[in-house]
Protein chains: 2
Amino acid sequence: MSRASDHAYKTIRTMILQGELSPGTQIREEQLAETCGVSRTPVRDALRRLESQAFIRRSESQRSFVADWSIDDVADAFELRAMLEGRAARRAASRVTDEAMQRLRTCNRRIFEAVSANPADVAGFLEGNREFHAILLELAGSRRLSSLLNALVEQPVVWQTAHHYGRDALLRSHGEHEEILAAFARHDGAWAQAVMEAHIRRAFHAYADAHQGLTTIDMAVGG
Amino acid sequence: MSRASDHAYKTIRTMILQGELSPGTQIREEQLAETCGVSRTPVRDALRRLESQAFIRRSESQRSFVADWSIDDVADAFELRAMLEGRAARRAASRVTDEAMQRLRTCNRRIFEAVSANPADVAGFLEGNREFHAILLELAGSRRLSSLLNALVEQPVVWQTAHHYGRDALLRSHGEHEEILAAFARHDGAWAQAVMEAHIRRAFHAYADAHQGLTTIDMAVGG
DNA sequence: ACTTGCATTATTGTATACAAAAATGCGAAG
DNA sequence: CTTCGCATTTTTGTATACAATAATGCAAGT
């Protein structure tokens with residue numbers, strides 16, 4: 001999007017992701033405008049976008065607050081993501097081309113390299129991961145699915161999860177991508193969907209484990 | 001939302017739904033501002049919302065156009081809706097209360113009355129239908145699912161579909177709601193989900209039949 | 001005649017001032 | 001001591017002017 005608006009969006013989003021704005025904090029447009037060095041107009045645009053992605057919630061009287069995600073909300077988001085991304089994988093399996101397979105393989109190789117680095121290159125892993133899922137979404141060929149998933153994938157929770165991964169978990173993630181590629185090579189949509197769902201659900205439990213003690217969680221059995 | 005912004009939203013949305021703004025038409029903020037009797041600021045807000053619901057698409061250079069939905073887009077939207085609303089039904093089945101059952105029954109009775117009127121009260125049907133699905137979504141207890149579905153349900157396509165229904169189709173719709181209620185009474189989530197998916201998918205084919213001749217469609221087999 | 005570059009026009013993006021609405025704090029009444 | 005009402009302050013909503021950018025058309029050169 002446009003320069004100022006985009007800058008405000010990224011700035012605010014980063015502040016939330018890094019905890020500079022803690023959950024529950026009230027947000028004032030004017031203050032953010034100062035922080036971002038722009039006027040309130042683009043800040044309001046940015047807040048709209050952040051609200052649609054549940055970074056921010058609005059009170060009945062239109063005041064904005066940094067969203068505080070209960071563990072149930074997190075489970076909810078992961079579950080929806082598992083369902084939607086599973087469907088994307090299934091569609092992608094039946095549409096994948098040789099050229100796309102090459103791109104996916106290259107991407108996953110980069111992920112492997114990031115994981116193998118010493119110490120593990122988490123940022124590189126995240127970037128590779130993001131690209132892998134983006135290619136898959138493109139292959140799924142559903143703009144609507146893409147837009148729904150984009151609203152889910154860039155969540156604070158998802159973003160932070162990888163930082164709790166050990167090298168073994170990162171490696172397992174790479175391995176699951178490999179299995180998805182195998183399913184793609186056979187054009188087996190059901191296989192791809194199953195692996196993808198497992199992939200996302202495991203990610204959820206990695207998150208839940210890292211945040212245990214808050215409450216006991218059980219992700220509903222989905223399908 | 002706020003007065004002017006909301007008014008702009010509804011006005012523009014109605015213009016699109018009723019075909020006053022035909023698909024592909026370029027949209028100019030200033031012109032809409034005049035039409036709605038407000039300034040560009042709330043119009044821009046409204047356009048953002050309409051864009052997020054795919055009433056409007058934006059060119060690379062940020063010009064706005066009334067979205068033109070290909071039949072594939074329609075199938076895509078219905079399929080996603082079937083999946084998401086099926087999941088909502090499943091969750092609702094395990095959380096439904098006696099009080100909610102009463103509300104749902106009352107609602108579906110109103111639908112029956114609308115259908116039975118002579119001539120059939122399509123607006124009443126739509127309103128009852130909307131409320132039925134809203135209660136169900138509330139019961140599902142997933143804010144995220146709600147927001148994803150809201151972006152899908154109010155589509156031009158969905159809205160227009162009912163106007164192609166004959167009384168028999170409207171009655172069948174009522175009957176499917178009854179079956180969902182039966183599943184709820186037994187707290188059988190799988191049943192509720194299956195009926196809901198069938199319900200939405202039938203609605204799609206009703207639409208497709210009414211628009212046949214454009215192209216042959218086959219909704220992918222989902223799950 | 002066809003392209004290329006520039007000036008012009010149309011359209012969107014941003015800043016700012018003002019209006020409306022909501023929250024807050026204080027004081028008086030019970 | 002609590003509660004209610006009102007004035008004040010804070011915050012968001014809207015209008016409008018101006019800036020930036022993209023589209024358009026025209027003219028000159030090939």
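Just so we're on the same page: letters track the sequence lines, and every chain starts at 1.
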**OP:** With sequence neighbours left out, write down each residue that passes side chain to side chain donor-acceptor pair (under 3.5 Å) with A:R63, or none if nothing qualifies.
**Re:** none
Return the value, rounded to whole Å, for the distance between atom [atom1] of [X] and atom [atom2] of [N].
| X | N | atom1 | atom2 | value |
| --- | --- | --- | --- | --- |
| B:D6 | C:dA20 | CG | P | 18 Å |
| B:R44 | C:dA15 | CZ | P | 12 Å |
| B:R48 | C:dG13 | CZ | P | 7 Å |
| B:E51 | C:dT12 | CD | P | 12 Å |
| A:R3 | D:dT21 | CZ | P | 6 Å |
| A:F65 | D:dT11 | CZ | P | 10 Å |
| B:R58 | C:dT12 | CZ | C1' | 8 Å |

Who pairs with [X] by salt bridge (Lys or Arg N to Asp or Glu O under 4.0 Å), at least two apart in sequence or on another chain?
| X | result |
| --- | --- |
| B:R202 | B:E176 |
| A:R40 | A:E29 |
| B:R110 | B:E131 |

Original post:
Where along residues 32-41 of chain A does a heavy atom fall under 4.0 Å from DNA chain D?
Top reply: A:R40
**OP:** With sequence neighbours left out, write down each residue that passes ring pair (Phe, Tyr, Trp, His ring centres under 6.0 Å) with B:F112, or none if nothing qualifies.
**Re:** B:H174
**OP:** List in chain and number order the residues that pass ring pair (Phe, Tyr, Trp, His ring centres under 6.0 Å) with B:F132, two or more places apart in sequence or in another chain; answer none if no residue qualifies.
**Re:** B:H177
Subject >> Selection residues 27-49 of chain A - residue pairs positive for ring-ring contact (aromatic ring centres under 6.0 Å, His included), sequence neighbours left out >> reply: none
Original post:
How long is the gap from CD1 on A:I71 to CG on A:D76, to the nearest 0.5 Å?
Top reply: 11.5 Å
Any N/O pairs under 3.5 Å between the protein and nucleotides 8-11 of chain C? List them or say none.
unit_1 : atom_1 : unit_2 : atom_2 : d
C:dT11 : O4'    : B:R63  : NH2    : 3.3

